[in-house]
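Structure, as structure tokens:
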Amino acid sequence: MKVRISKEEEVVEEQPLSPMARVFQSPEVDYCAVTIVGFKTKFCPDVLLDALKHNVSKHPRFSTKLDGAKWIETQVNVEDHVIVPNIDPEEIGEDGQSFVDDYISRLTTIPLDRSRPLWDMHILNVKTSDAEAVGVIRSHHSLGDGMSLISLMLACTHKTSDPDNTAIPSLKRRQTVPHGLIKQSWFLRFIFTVGSTTRLIWNTVVDMLLLLATILFLVDTKTPLKGGADVGRNPTRFYRRTISLDDIKLIKNSMNMTINDVLLGVTQAALSRYLNRLYGKKNEEEGVLTSNQNHLPSKLRFRAGCTVNLRSDIGFKPLADMMTKDSKCRWGNYFSFIILPFSIGLQTDPLVYLKISKSTMARKKHSYHAALVYFIIKIILKVFGAKAAAAIFNRPVVNLTTCVSNVIGPMEEISFRGHPIAYIAPSNYGQSQALLVHYMSYAGKMIISMAVDPTVIPDPHKICDDMEESLKDMKAALSERGLL
């Protein structure tokens, strides 16, 4: 539909918001995505400005602004969206990373201007321990989910080793039907189908009842990691740690599981260590002395929201293909979430965390929970409006302790117009959770990116330490048993 705006006397195009975009435009769910990019060389801002001037108009979401329940195309002044602060060397001091962390944290308190496209980019030519310069990309979550935003980044970059080729990682869904079953008789296939369908229906019903309970009354145990409804309004700080992707793949192959299973197991082990240490310190301060090394409370309810990609084609595609109307890997917010119960407790065998995570993920994959959540939100949007849908979406977020996600990234080093990239760390802010954990693979590494509320979690680097130690313990346990 074409609409004429008399003030600027130009023709612009209106496009309706997708269901999840409408949810994210609500003040109750005002989430922003942050992608922190480290560069191996000092960054020339003119290169970025030139690239944006020639390409930003080609992407509808980055050249449109919100107007109620629709996107309206607008003229983009790139200089308004690219910020290169004048930095006094004395402000940086000896620790460039602290300066960068403080700068990004302040950004989380400054809302994006809704009178223009909801994104901006900040270039900090500040040397840190693992980068010569840092770029910060902010975009409102209504523009697209993590897969969409990373696809856009990949479209703007190229392989460092081969500047003529972009780095688009491939990804395929695992086969869920046992290969040997195909060769069995029709009766065995029938029995398997009936059993599988029964479990699918049962798992879905149980998951939806638990979701309803979480919306109404079921709240996680109050722990030192649990935030509150007001956490989303506090400044957020971002922390990052790099671990070996090869070690994760080694464990994955040895335990016959997925990378997501391994990451979930590492996360549970690390958070168990961290919380046990805090509860032990609390017991010491209260004069409660015990020889038992396990200081964790019994019956601890600790759950995480886990994002699920709903696209039928889960692999990355060229940006032009994602913008196609009938694409199986469309641009936008085509995701949902599931609720994962975390097993928080000290285990003498670190492999127990992996076995629990594998079992949990296998159970969740055999459920229509994620698809039904997306469908229910669409129905609520149509019947009751965006405010009601946002309230339904946000309620579980408030009652859960954390959120985890994993995004596959380029397997080779990439560059942006001659600027090699050292790391890519995606994250979010605005949620009512004190801890968000995001994983992203890049160039043979796995990058852990955490968003925390420092008033709730003052020492998040210790969680990163615990993740490293947990991964080492799992690898050592497999090695001792001759499984590597």
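The figures that follow rest on heavy atoms only: side chains count, while hydrogens, waters and symmetry mates do not.
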Working note: Asn406 + Asn260, criterion side chain to side chain donor-acceptor pair (under 3.5 Å); need CA distance, chi angles, decisive distance, verdict.
CA-CA 7 Å; Asn406 176 32; Asn260 283 339; 2.8 Å; yes

Is the closest side-chain heavy-atom distance between Val407 and Met147 below 4.5 Å?
no

Which value, rounded to the nearest 0.5 Å, describes the distance between Asn86 atom CG and Glu91 atom CD?
9.5 Å

Check whether the ring centres of Phe39 and Phe416 lie less than 6.0 Å apart, and answer yes or no.
no

Rounded to the nearest 0.5 Å, what's the gap from CG on Leu436 to SG on Cys403? Could you check?
6.0 Å

For Ser142 and Asn333, the nearest pair of non-hydrogen atoms, with its separation, is O-ND2, 3.3 Å

Rounded to the nearest 0.5 Å, what separates atom CD1 in Ile338 from atom CG in Leu372?
13.0 Å

Are side-chain heavy atoms of Val126 and Tyr103 found at a separation under 4.5 Å?
no

Are more than 12 heavy atoms, taken from residues, nucleotides or ligands other than Lys387, located less than 6.0 Å from that residue's NZ atom?
no

Under a 3.5 Å cutoff, is there a donor and acceptor pairing between the side chains of Arg241 and Tyr239?
no

With the side chain counted from C-beta on, respond yes when Val34 and Asn428 share a heavy-atom pair under 4.5 Å apart, and no when they do not.
no

Do Leu354 and Met257 have side-chain heavy atoms sitting under 4.5 Å apart?
yes

Show the nearest heavy-atom pair for residues Ala451 and Ser427, with the distance to one decimal.
CB-OG, 3.3 Å

Got a donor-acceptor contact below 3.5 angstrom from the Ser254 side chain to the Leu483 backbone?
yes

Evaluate side chain to side chain donor-acceptor pair (under 3.5 Å) for Tyr429 paired with Arg138, printing each intermediate quantity in order.
CA-CA 10 Å; Tyr429 68 88; Arg138 278 200 311 167; 3.0 Å; yes

Under a 4.0 Å threshold between the charged nitrogen and the carboxylate oxygen, would Lys40 count as salt-bridged to Glu132?
no

With distance as the sole test, does Ser415 use its side chain to make a donor-acceptor pair with the main-chain N or O of Gly418 at under 3.5 Å?
no

Please report the C-alpha distance between Thr401 and Gln433 in whole Å, then the side-chain angles of each, then the deciding distance to 0.1 Å, and finally whether the side chain to side chain contact (heavy atoms under 4.5 Å, CB included) criterion is met.
CA-CA 6 Å; Thr401 302; Gln433 293 171 327; over 6 Å; no

For the pair Ser105 (side chain) and Thr236 (backbone), establish whether a donor and an acceptor sit closer than 3.5 Å, ignoring hydrogens and angles.
yes

Closer than 4.0 angstrom, basic N to acidic O: yes or no for Asp465 and Arg273?
no

Sidechain N-carboxylate O distance under 4.0 Å for Asp466, Arg277:
yes

Is any side-chain heavy atom of Met121 less than 4.5 Å from a side-chain heavy atom of Leu48?
yes

So, does Ser441 use its side chain to make a donor-acceptor pair with the main chain of Gly409 at under 3.5 Å?
yes

Side chains of Val452 and Ile463 in contact at under 4.5 Å (non-hydrogen atoms)
no

Is the number of heavy atoms from other residues, nucleotides or ligands within 6.0 Å of NZ (Lys445) greater than 12?
yes

So CG of Leu211 and CD1 of Ile376: to nearest 0.5 Å the spacing works out to 7.0 Å

With a 4.0 Å cut-off on N to O distance, would you call Asp145 and Arg311 a salt bridge?
yes

Main-chain N/O of Pro426 paired to Ser449 side chain as donor or acceptor, under 3.5 Å:
yes

Please state whether the rings of Phe62 and Trp119 are parallel, tilted or perpendicular, taking 30° and 60° as the class boundaries.
tilted

For the pair Leu250 and Leu484, evaluate side chain to side chain contact (heavy atoms under 4.5 Å, CB included) and give the outcome as yes or no after the intermediate values.
CA-CA 7 Å; Leu250 203 61; Leu484 292 182; 3.7 Å; yes

Would you find a donor on one side and an acceptor on the other, under 3.5 Å apart, between the side chain of His369 and the backbone of Phe337?
yes

May I ask you to say whether Lys475 pairs ionically with Asp246, meaning some side-chain N is under 4.0 Å from a carboxylate O?
no

What verdict does the salt bridge (Lys or Arg N to Asp or Glu O under 4.0 Å) test give for Lys159 and Glu413, after you've listed the backbone C-alpha separation in whole Å, the side-chain angles of each residue and the deciding distance to 0.1 Å?
CA-CA 6 Å; Lys159 293 182 180 179; Glu413 182 184 280; over 6 Å; no

Give a yes or no on whether the ring-centroid distance for His140 and Tyr31 is below 6.0 angstrom.
no

Heavy-atom closest contact (Ala389 atom, Val23 atom, distance)
CB-CG2, 4.0 Å

Point-to-point distance, once rounded to the nearest 0.5 Å, from CG of Leu351 to CD1 of Ile356
11.0 Å

Please determine whether side chain to side chain donor-acceptor pair (under 3.5 Å) holds for the pair His419 and Thr41, giving the CA-CA distance in whole Å, both sets of side-chain angles, and the decisive distance to 0.1 Å.
CA-CA 6 Å; His419 297 79; Thr41 60; 4.8 Å; no

Tell me, with the steps shown, if Asp102 and Arg237 meet salt bridge (Lys or Arg N to Asp or Glu O under 4.0 Å).
CA-CA 8 Å; Asp102 291 342; Arg237 294 187 72 86; 2.9 Å; yes

Which atom pair, heavy atoms only, marks the closest approach of Asp473 to Pro350?
O-CG, 3.7 Å

Here the pair of heavy atoms bringing Cys32 nearest to Leu112 is SG-CD1, 3.8 Å

Indicate yes or no for a side-chain donor-acceptor contact from Tyr442 to the backbone of Ile414 under 3.5 Å, with no hydrogens or angles considered.
yes

Side-chain contact test, heavy atoms from C-beta onward, threshold under 4.5 Å: evaluate it for Thr109 versus Arg233 and give yes or no.
no

Might you point out which heavy atoms bring Lys249 and Ile259 nearest each other, and give the distance in Å?
CG-CD1, 4.3 Å

State whether Tyr423 and Arg240 meet the cation-pi test: NZ (Lys) or CZ (Arg) under 6.0 Å from the six-membered ring centroid, and within 45° of the perpendicular axis.
yes

Just wondering, are more than 12 heavy atoms of other shown residues or ligands nearer than 6.0 Å to NZ in Lys378?
no

Heavy-atom side-chain proximity of Ile87 to Leu124 below 4.5 angstrom
yes

Looking at Asp220 and Lys226, is any side-chain nitrogen of the basic one under 4.0 Å from a carboxylate oxygen of the acidic one?
no

Where do Ile447 and Tyr439 land on the side chain to side chain contact (heavy atoms under 4.5 Å, CB included) test, with the steps shown first?
CA-CA 6 Å; Ile447 299 168; Tyr439 293 96; over 6 Å; no

Separation between CD1 (Ile248) and OG1 (Thr258), nearest 0.5 Å, reads 11.0 Å

Verify the neighbour count for atom OH of Tyr374: are there more than 12 heavy atoms of other residues, nucleotides or ligands below 6.0 Å?
yes

Any chance you could lay out the side chain to side chain contact (heavy atoms under 4.5 Å, CB included) test for Met474 and Val266, step after step, and finish with the verdict?
CA-CA 8 Å; Met474 292 171 182; Val266 169; 3.8 Å; yes

